[in-house]
Amino acid sequence: MLKVHSRCDLSCDHCYVYQHADQTWRGRPVRMAAATVRAAAHRIAEHAREHELPVVHVVLHGGEPLLLGAAGLREVLAELRAAIMPWTRLDLRMQTNGVLLDDELCSLLVDHDVQVGVSFDGDRAANDRHRVFAHGGSSHDHVRRALALLRRPEHEASYAGILCTVDVRNDPDRVYEALLAERPPRVDLLLPHATWDSPPARPGPGSTPYADWLGRLHRRWVDEGRPVSIRLFEALRPGGGGTEAFGLAPADVLVIEADGSWEQVDSLKTAYHGAAGTGFDVFGHSVHEAARHPGVAVRQEGVDGLCATCRACPVVDRCGGGLYAHRWRTGSGFDNPSVYCADLLRLIDTVDEADLRPTSQPPPAAPVDELLDDLATGHGSAPTLALLAATQLSITRALLVACRDRAGPTAAWELLVQLDQAAPDAVRAVLEHPFVRPWLVHRLDPSARSGVRPAVDPLPALAVAAALRAGVPAAVRVPVRTDTITLPTLGSLVLPGLGESAEVTVVPGGFRVRGGSTERTVLLDAVEPSADWRPARGVSVPGGWLLIEDGDPYRDCYGQSVAPRLAEPAARALGRTVAEAWRVVHRDVPAHAAALDGGLRAVVPLTPDPARPLRSATARHAFGAVAVTGDPDAETMAVLLVHEWQHAKLGAALDLCDLVHPDRGTRISVPWRPDPRPPEGVLHGVYAHLAVTQVWQSRAARGGGDASAHADRYLTWTRDGVDALLASRSLTAAGERFVGQLRHALGETRVGSR
Ligand code: SF4
Ligand code: SF4
């Protein structure tokens, strides 16, 4: 380990280099001098030559090694390569905080085949608990930017992984998700350095908080099919091979400090001032001499180098007494078990239990791959639609729980939970309503707590709607918004005088409302229309029952003006057109019709606009619905439905898997719009246009008018869009595969197919 720069641009309060017992950094040069690098490189080469080593691993470390800058780093790498590579294979690595990483440095690291590990502690709250600048500012965005740079296809060969230091005050699920979101090839979880003199923080009542915290993360990792290599968990399994922190393998790390001193592993800096020192340096002493220092030699004796407690321990071959530094206690030195002993014992139990236990769910990677492959045919089968719908429902349920967490347990929540047990179909029918998720999202949006449309609690209305569907008696206090109570999937009651909330009681056949000075009973199957109860209306379609949704206030999520409640004849006319269009889709493109049958539940009328009479839209949060302008002919409506349903399916797939890298400002010119589009917009465009191509080709095959010209135009657009996407370097690996398969689907779709 080469300490090429001994200062840092961050000021982490858990840093063992600057914040723990050892303070030798203060007397060391800021950066390793060229002569020291040369001497170090020659010592390593000398050792490799004398012992005929097949490989040596050199880790550039600090402080922060990137503070060398590109020129300084290039010189160090050149020196190491020139001296060592004639004698052995050189495995170059770097551990960095990532703050200074840029394109030039990434290219340099790739060119010199340096594997880069980035220190990153998880979600923003977790990372910034410790990893901050000297002025206290967050490093989170800087590190995420560095990780995104390393993920780029031209740099990913140098992306080795993430080093995360555990803090049990952090939320393990959020940390886990934040780490995985960076798609690291490997994760190292590090217990915070501590000794018996300076034990680790143990907040909370549990005696093994580190094992409990890591156990939660481990359970999730196992349940999800071990989606990434996590070294700590792998090392603790029987035969896991161990690491510097675990197991009985001989220590094989030496540190060369910025002044050329040989030192033992630098985690020893946590024990006492000067703990890592050997008294040797690269100018006067070889690797061999440094390795004979008693502190290094004792860690090459396996179990014999451990304390009596560890020697008698049943899991000593896996634990190995933990990290050497964690055994320190004034008086007995390192002749102790780890200060994390109880946690390590418990954690090894957890690892063993997981190996015995069947995973609670299959690895997600394969189903997602299969789902994407199926969607890349251009339409997607019924099972794929069912899976998309199920995952959308999961998201809605997760949002529901987040709302419950915000409000605390309420009678409405209790009712929903009971109904979910007793009448799951009723709850499911309500939660699958496309505008429940927009409502929940709005409720959770901090900016929506006041303003034009304050977010009322959705849980009471959802509970009442489910109870009504189940026919279960219940009474719940429901918030009233602009004199209206909306019960998703059922309708809206518009009744002035109810006040801010009203008591809603489910009664046989309907419900009774009491609020302010007003009381009203609504019977859901009443034959006579009433002015204040506006029931949801629908139409029978080949896929089942389709709502004409013109009452739910959260249907205005399309970035376009939605029409107010339609008069009865207009609602019936729209229903007739959509039902007929649906049959046209079955006639033209049966595979797309099957996908439509599997998920489309509602149509929202958009406000007519003479300047743009034909419009349609989908919204990412409202899976299961499309918005259209009213009453075009059924043939045109069929194209709109197919087009929009493609967006809905792709949006749901994007909730499961990133197909496009996060927005880096890339814009792509496309033939169907005058303005260059972001990559995700282009992806949506090609997916929709592929389906529209297939509709027109089907019509062209039946000899319909100018259908062939339409088909050719959409096919050209789709092909150009696919090629532009593939050339843009904006796709993730999954995105490359998906778009590549779309191109394959296009290959089976010929211009001029008539
Ligand atoms: S980035 Fe690393 S070296 Fe720098 S202060 Fe933080 S822990 Fe210490
Ligand atoms: S530290 Fe504890 S768990 Fe580990 S080997 Fe020693 S006694 Fe066993």
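As the structure is a computational prediction, the values presented were derived from the model and not from experiment. Numbering of ligands and ligand atoms starts at 1, following listing order. Heavy-atom basis, side chains included; hydrogens, waters and symmetry copies ignored.
Residues Arg318 and Leu344 are not in side-chain contact: their nearest non-hydrogen atoms beyond the backbone lie 4.5 Å or more apart.
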Item to check | Residue pair Trp221, Phe233: steps toward the ring-ring contact (aromatic ring centres under 6.0 Å, His included) verdict | outcome: CA-CA 10 Å; Trp221 179 67; Phe233 297 149; 5.3 Å; yes
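Between His193 and His20, the ring planes lie perpendicular to each other; the angle is over 60°, past the 30° to 60° tilted range. Taking the six-membered ring where the residue is Trp, Phe133 and His142 present perpendicular rings, their angle passing 60° and hence far from 30°. Using the six-membered ring where Trp is involved, His293 and Phe280 have ring planes that are perpendicular, over 60° apart on the 30 and 60° scheme.
Ion pair Arg151/Glu156 not flagged as a salt bridge, since none of the NZ, NE, NH1 or NH2 atoms sits closer than 4.0 Å to an Asp/Glu carboxylate oxygen.
Checking His140 against Asn127 by side-chain atom types alone, no donor-acceptor pair falls below 3.5 Å.
Closer than 2.8 Å to atom 8 (Fe) of ligand 2 sit the protein N, O or S atoms Cys313 SG.
A side-chain contact (heavy atoms from CB on, under 4.5 Å) with Leu101 is found for exactly one of Thr96, Leu147, Leu109, namely Leu109.
Closer than 4.0 angstrom to ligand 1 by heavy atom are Cys8, Leu10, Cys12, Cys15, Gly63, Asn97, Arg131, sorted by chain and number.
Here the CG-CZ distance, from Leu92 to Arg81, works out to 6.5 Å after rounding to the nearest 0.5 Å.
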